[in-house]
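So you know, we letter chains A, B, ... as the sequences are listed, proteins then strands, and number each from 1. Since the model is a prediction, treat every value here as computed from it, not as a measurement. Below, all heavy atoms of this structure are taken into account, side chains as well, without hydrogens, waters or symmetry copies.
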Number of protein chains: 2
Amino acid sequence: MEQTLTISIQDYLKHIYELTDRGAPASTNALAERLKIKPASVTGMIQKLAASNPPLVEYQKHQGVTLTKDGKKAALEVIRHHRLLEAWLVQTLGYSWDEVHEEAERLEHVISEDFERRIAAAMGHPLRDPHGELIPTADLKMPLDDSTPLSALRPNQTGTIQCVKAADDELLRHLESLGITPGASIEVKEYSSYDHNLTVKVGKKTSVLGLNITSKIFVEES
Amino acid sequence: MEQTLTISIQDYLKHIYELTDRGAPASTNALAERLKIKPASVTGMIQKLAASNPPLVEYQKHQGVTLTKDGKKAALEVIRHHRLLEAWLVQTLGYSWDEVHEEAERLEHVISEDFERRIAAAMGHPLRDPHGELIPTADLKMPLDDSTPLSALRPNQTGTIQCVKAADDELLRHLESLGITPGASIEVKEYSSYDHNLTVKVGKKTSVLGLNITSKIFVEES
DNA sequence: ACAATAATTTAGTCTTACCTAAATTTTATT
DNA sequence: AATAAAATTTAGGTAAGACTAAATTATTGT
């Protein structure tokens, strides 16, 4: 006895937002993969989102899709919910940073604006979630990162970890065990061009990390 | 741009549970009215719930519907979620008892068992929600009310208010302003058989209440 | 520039959960 | 017990959002 579960518009917009954050439009295939549905279904829904009033996406055949102003607002609303919830679950219910994602993923769609305001206020309007991701402000703008622009790990770098953009829970637990969490001081040492590994030192621990990992760790240089 | 919203199985079961709490099966019409859909649609869904594996409801044409053991468990699960959430929202986010229902109504369907355990533990496993309703236990049994059985308000009664089963937010605010909340001591005075009103005294306030209200207030006599 | 390949869209199908209207069954009244 | 009224079910329709397969358009490598 299972009920049809269809992907919410919020989820479409959220994933388009994430796929387009470097400016380029999101492709049908990329969206389909993320949403775990077939590309043909994505095309269908995108055409509706583009034809809706107000239009939520900008769409040209074969050229991919971007968000309109309205679509972006709706996306930032959900992202704000998600990141506030992650912070709140960690702070008030003792979740660890690898456990929060799934729970927030479900809650983000159903909480009221009132609930959002209450948890934001209760936490003193935090700037970042437990992974270090910026939380969109109440007026739905992504805060400009006024600090030194973040960069993924680079050789011969010393600084503070700002953000760990990993989705995989197991990886998050692994990184935590290495001391790699937002706020930690990190020293990046040698780079092996042979196997694309970086050696990093956090506290007393030295680890060798592959590109698949280092590309997800963002540091503010000091 | 609105998305089809269909009633969850959990909601069907929850409402059947509430309609059958005095033993009698729930009628198609009563369910339809609660769920705000047409009776014909209810019939259709009920037939599926009865044919599912395992069957969630017992159903005989024209005789109404009751929950099977599995259906009852599923219903108690949602009701536990709902009531724990109401208590949680009041205790940790400063919601008032008239604000919690709507929020809990949406959250109850998406929280994990882990979330449920965490808030229950954080509150010390409360027995009742902010309206005084009993919270089903973790093993999904409705706790037997071992105190004197509750009764709706009756003339010439003195006792403590246990439970206020009102759904209407405005009414709840009104009752609160009269001091009528769980835990308050109440004295029921005269009954007017002419207009079916009861006079009650709570603290220093004396109020005259109609049957539509008094039937929702439950007292443990002292 | 031209195939070959990959990405995308179109067309048409399926399922689900609602709807309306008509038919049927139950309940209430005399 | 017969009939009127109310409740319920059946039958058939609709819209949404997924799917598959086939057609089309873009991209890539030589």
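- Residues Asp139(B) and Thr137(B) have side chains that bring a donor and an acceptor to within less than 3.5 angstrom of each other.
- Here Lys61(B) does not reach the OP1 or OP2 of dT25(C): none of its side-chain N or O atoms lies under 4.0 Å away.
- For Leu5(A) and dA17(C), the CG to C1' distance is 14 Å, given to the nearest whole Å.
- Positionally, the nearest nucleotide of DNA chain C for Gln3(A) lies more toward the 5' end than for the other of Ala40(B) and Gln3(A).
- When DNA chain D is scanned in the 5' to 3' direction for atoms under 4.0 Å from non-hydrogen atoms of chain B, the outermost contacting nucleotides are dA7(D) to dG17(D).
- For the atom pair CD1 (Ile9(B)) and CD (Glu2(A)), the distance works out to 7.0 Å, reported to the nearest 0.5 Å.
- DNA chain D is contacted by both Gln63(A) and Ile7(A); Ile7(A) maps to the nucleotide lying nearer its 5′ end (nearest heavy atom per residue).
- Of the possible polar contacts, none joining the Gln91(A) side chain to the Trp88(A) backbone as a donor-acceptor pair under 3.5 Å is found.
- Regarding Met45(B), its CE atom lies at a distance of 16 Å from the P atom of dT15(C), rounded to whole Å.
- Thr6(A) comes within contact range of the sugar-phosphate backbone alone, with a heavy-atom separation under 4.0 Å but no base atom that close.
- Within 4.0 Å (heavy atoms only), Ser41(B) reaches at least one base atom of the nucleic acid.
- Taking the six-membered ring for Trp and thresholds of 30 and 60 degrees, Phe115(B) and Tyr95(A) have ring planes inclined between 30 and 60 degrees apart.
- Atom P of nucleotide dT27(C) and atom NE2 of His62(B) are separated by 9 Å, given to the nearest angstrom.
- Closest-nucleotide positions on DNA chain C for Pro39(A) and Thr4(A) were compared, and the one nearer the 5' end corresponds to Pro39(A).
- One can place CD of Gln47(B) at 14 Å from C1' of dC18(C), the figure rounded to the nearest angstrom.
- Contacts of Thr28(B) with the nucleic acid, taken as non-hydrogen atoms under 4.0 Å apart, involve only primed sugar atoms and P, OP1 or OP2.
- Distance CG (Asn29(A)) to C1' (dT8(C)): 7 Å, rounded to an integer number of Å.
- In this structure His15(B) satisfies the ring pair (Phe, Tyr, Trp, His ring centres under 6.0 Å) test with no other residue, sequence neighbours excluded.
- At a cut-off of 3.5 Å, with distance as the only test, no side-chain donor of His174(A) or Glu170(A) sits close to an acceptor on the other residue.
- Taking CZ of Arg173(B) as the start and CG of Asp98(B) as the end, the distance is 4.5 Å to the nearest 0.5 Å.
- In this model, the phosphate group of dC18(C) is approached by a side-chain N or O of Tyr12(B) to a distance below 4.0 Å at OP1 or OP2.
- Atoms NZ (Lys48(B)) and P (dT15(C)) sit 11 Å apart, rounded to a whole Å.
- Look at CD1 on Ile46(A): it is 13 Å from C1' on dA7(C), rounded to the nearest Å.
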